[in-house]
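For clarity, every value in this text was computed on a predicted model and none was experimentally measured. Labels below follow one simple rule: chain letters A, B, ... track the order of the sequence lines, proteins then strands, and each chain is numbered from 1. Heavy-atom basis, side chains included; hydrogens, waters and symmetry copies ignored.
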2 protein chains.
Amino acid sequence: MAEKQSAKSRRGRPRQAEVARLAGVSQTTVSLVLGGNKQGVALHPDTCARVLAAARELGYVPDPAARRLAAARNNLLGVFSFTATFPTAVEHSYYPFLVGVEQEAARHGYDLVLFTGSSSGGAQAASPGALERVRLADGCLFLGRHIPAGELRRLVEHGYPAVHIGRRDELDNLAWVGADYVEASAEVVRHLAALGHRRMILVREDDDAPASTDRERGFREALADAGLADAAAVVRAADPAAEITADWLRGRCAEGVTAFVAEETDTGAAWRALLAAVEGAGLHAPSDVSLALLGSPPADLADRPRPTGFDIPRTELGAAAVRALTALLTTGETESPLVSCAFRPGSTAGAAPTR
Amino acid sequence: MAEKQSAKSRRGRPRQAEVARLAGVSQTTVSLVLGGNKQGVALHPDTCARVLAAARELGYVPDPAARRLAAARNNLLGVFSFTATFPTAVEHSYYPFLVGVEQEAARHGYDLVLFTGSSSGGAQAASPGALERVRLADGCLFLGRHIPAGELRRLVEHGYPAVHIGRRDELDNLAWVGADYVEASAEVVRHLAALGHRRMILVREDDDAPASTDRERGFREALADAGLADAAAVVRAADPAAEITADWLRGRCAEGVTAFVAEETDTGAAWRALLAAVEGAGLHAPSDVSLALLGSPPADLADRPRPTGFDIPRTELGAAAVRALTALLTTGETESPLVSCAFRPGSTAGAAPTR
DNA sequence: CCTCCGAACTAATACGCATTAGTTCGCCGT
DNA sequence: ACGGCGAACTAATGCGTATTAGTTCGGAGG
């Protein structure tokens with residue numbers, strides 16, 4: 001009765017050889033039938049039917065590792081994030097991206113492998129080779145800005161299909177998908193200009209992430225296009241809460257500024273500071289001043305009036321990333337598309353007060 | 001100049017054989033050295049050093065597919081939910097489970113494969129055999145109550161390691177992890193009893209899911225233990241909004257009922273109805289009547305005062321499910337643990353009014 | 001001097017699948 | 001009656017690694 005390893009070690013997971021035995025054919029035939037017989041070997045329809053029936057009866061599913069090793073593909077797409085994909089704190093979760101990734105992957109017939117990169121509690125998160133695990137999948141999506149560039153570069157240079165969610169120009173040849181912050185920000189500015197605002201200020205944090213500089217560029221360009229170039233003012237605030245005060249706001253208003261624009265950040269600090277300053281100054285938006293947010297408000301401010309601004313299409317970005325990856329896999333073409341953000345009218349911007 | 005496949009097909013990614021050649025040893029030795037030599041083969045320190053040096057020089061990284069193939073396990077855990085796609089809302093109850101699953105899986109060195117009912121290449125979600133695809137993973141977690149029992153049984157009977165999140169006794173041999181609703185509900189009742197409440201009513205929906213019957217059992221048992229057995233009353237409401245009205249509430253209060261307990265459901269209908277009835281009756285909790293909720297409030301009522309009751313430890317449940325699954329995989333032992341819920345004092349229950 | 005032993009390695013094989021180069025068999029043509 | 005040919009399959013091999021069963025060699029023991 002002592003069964004062979006075939007039943008024990010693999011827990012009854014059937015392989016092609018077992019399907020073959022049941023169908024009375026060779027393992028080769030099973031592989032051909034189930035693989036779609038792309039090599040054009042002549043196969044009798046009856047045989048195919050028997051193989052298919054046997055595979056179904058045994059519940060056969062190909063082993064992804066073996067497939068991969070045999071230089072074929074898995075139909076698996078990887079998702080790797082250097083922080084937990086499902087963080088305990090929901091504020092900056094990758095979940096919306098994942099929704100789009102999942103939908104688009106399903107549409108293309110791929111399953112998703114979530115590489116539990118450096119989730120708290122995992123093994124050495126930064127251990128060299130941590131990224132190599134993704135090679136089990138046909139290709140991989142990366143998200144988060146803390147992905148070790150060295151390892152990623154290695155993968156890409158070895159021809160591994162990878163797509164980063166979020167612009168990432170430092171690495172040549174790395175495909176990415178990003179949101180078009182430039183255009184989206186410009187649109188917000190045009191909206192404000194159309195409402196009659198002639199002087200406006202952008203409050204941004206003091207770093208040089210692409211997401212920030214792109215917003216500033218859109219802001220400046222739109223103002224220039226509207227003939228208001230000299231009216232542009234950008235404030236870089238390392239500590240918005242301390243710098244964007246009610247007094248500061250009153251000062252700017254006195255100078256003729258009628259609209260204030262904040263960039264979205266992880267914490268929403270700039271936007272919070274603006275809201276607090278307006279309230280502290282005893283003003284009201286949009287009647288006294290107009291406010292706009294270049295992005296989405298933090299979750300805890302959801303009950304506030306919706307800020308005028310734009311929404312980052314996270315779900316669509318996830319889907320676009322999958323499309324870029326499948327393009328890489330099938331045609332080998334590297335594409336790095338910009339996805340448009342959706343303008344959000346909101347209720348914090350109104351007509352500029354007539355002086 | 002025609003290079004051998006060694007340089008072309010793999011684009012220079014070195015394998016053990018190349019490391020071996022450089023170090024002047026065999027591939028076996030390389031595998032032993034790099035694998036930590038757990039089998040205790042005698043190896044000369046100098047040899048190890050040479051191998052290590054060669055590996056470093058070539059930038060050798062093991063191929064995960066080959067590694068997993070040779071190990072006859074691929075360190076993949078499946079997560080299957082029968083919803084068509086991922087729920088879009090982050091607040092969805094599904095999310096906290098994933099948090100725990102991801103953390104615990106990472107801790108055990110597993111990666112996750114995400115399956116959804118419709119991932120089969122966009123084919124019919126409910127097509128027979130939809131569940132078979134999970135065999136790609138070493139084992140699988142199931143969540144959602146709409147998982148087809150027949151297919152699941154098939155998997156389990158074939159010895160496939162599966163763990164269901166949520167109690168599921170209908171299937172013999174199916175491991176599950178569940179929340180201890182009986183004890184948690186009993187604790188809430190004890191809390192109310194300690195506050196002086198002598199008559200209380202449980203409002204539940206009209207179905208027989210384990211989650212509902214367990215809560216009722218805890219409710220009844222705690223009352224019996226407190227010597228208030230005859231004071232127990234359970235209302236099954238098919239349409240809580242229509243049945244739990246202000247008039248109804250006044251009627252019960254007139255009969256001496258001082259506390260109302262609702263069970264948590266998907267929609268939170270029972271709890272909503274109770275809140276509305278209390279308000280409609282011009283009463284206030286906890287001063288006039290005490291309220292308790294056997295579970296967590298729906299997300300949109302988060303700003304309301306926190307209901308007295310308990311929280312389902314979803315994250316911990318996800319982690320427990322992973323532990324149960326790894327136990328199944330390594331020792332083959334089926335365990336189905338109950339996880340304790342955390343009592344939530346809240347602010348909707350107070351001392352019973354002295355009559 | 002031959003044997004035996006342990007140290008230090010290596011040859012061979014399995015893992016599950018895909019692919020290439022056959023092999024077998026029935027039948028047609030001359 | 002025999003070569004040939006296509007239809008229908010299968011044997012053999014490779015992918016890169018882990019593991020098991022050897023093999024070689026120098027020296028100690030009898």
**Item:** From CA spacing to verdict: side-chain contact (heavy atoms from CB on, under 4.5 Å), A/Leu131, A/Arg154
**Value:** CA-CA 10 Å; A/Leu131 275 205; A/Arg154 236 186 98 84; over 6 Å; no
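When the side-chain contact (heavy atoms from CB on, under 4.5 Å) test is applied to B/Leu52, the partners found at least two apart in sequence or on another chain are B/Val33, B/Leu34. Remark: B/Ala321 engages B/Leu141, B/Val163, B/Ile165, B/Val177 in a side-chain contact (heavy atoms from CB on, under 4.5 Å) (not counting sequence neighbours). Annotation: salt bridge (charged side-chain N to carboxylate O under 4.0 Å, His left out) contacts of B/Arg21 (sequence neighbours excluded): none.
The CD-P distance, from B/Gln39 to D/dT17, rounds to 15 Å in whole Å. D/dT20 atom C1' lies 13 Å from atom CG of B/Asn37, rounded to whole Å. In this entry the distance linking NE2 of A/His44 with C1' of C/dG26 reads 14 Å, nearest Å. Between B/Leu43 atom CG and C/dC9 atom P the separation is 7 Å, expressed in whole Å. Between the P atom of D/dG14 and the CG atom of B/Leu69 lies a distance of 16 Å, rounded to the nearest Å. Atom pair A/His158:NE2 and D/dG16:P shows a separation of 13 Å (rounding to whole Å applied). The separation between B/Arg67 atom CZ and D/dC15 atom C1' is 16 Å, rounded to whole Å. As rounded to whole Å, 16 Å separates atom C1' of D/dG16 from atom CG of B/Asn74.
Within 6.0 Å of the CZ atom in B/Arg67, the count of heavy atoms belonging to other residues, nucleotides or ligands does not exceed 12.
Distance from the side chain of B/Arg15 is smallest for D/dT17 among the nucleotides D/dT17, D/dA7, C/dC9. Here C/dA18 is the nucleotide among D/dA8, C/dA8, C/dA18 with the atom lying nearest to any side-chain atom of A/Gln16. For B/Tyr60, the side-chain atoms get nearest to D/dT17 when compared with the rest of D/dT17, D/dG16, C/dT19.
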Show me the side-chain donor-acceptor pairs of residues 39-48 of chain A shorter than 3.5 Å, one per line, residues at least two apart or across chains.
unit_1, atom_1, unit_2, atom_2, d
A/His44, NE2, A/Asp46, OD2, 3.4

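Counting heavy atoms from C-beta on, the side chains of A/Asp111 and B/Phe115 come closer than 4.5 Å.
Of the residues in residues 45-54 of chain B, none has a non-hydrogen atom less than 4.0 angstrom from any atom of DNA chain D. Using a 4.0 Å cut-off on heavy atoms, the residues of residues 22-33 of chain A that approach DNA chain C are A/Gln27, A/Thr28, A/Ser31, listed by number.
Here B/Arg323 pairs with B/Glu316 in a salt bridge; the nearest charged N to carboxylate O distance falls below 4.0 Å.
Note: B/Phe142 CZ to B/His164 NE2 = 8.5 Å, rounded to the nearest 0.5 Å.
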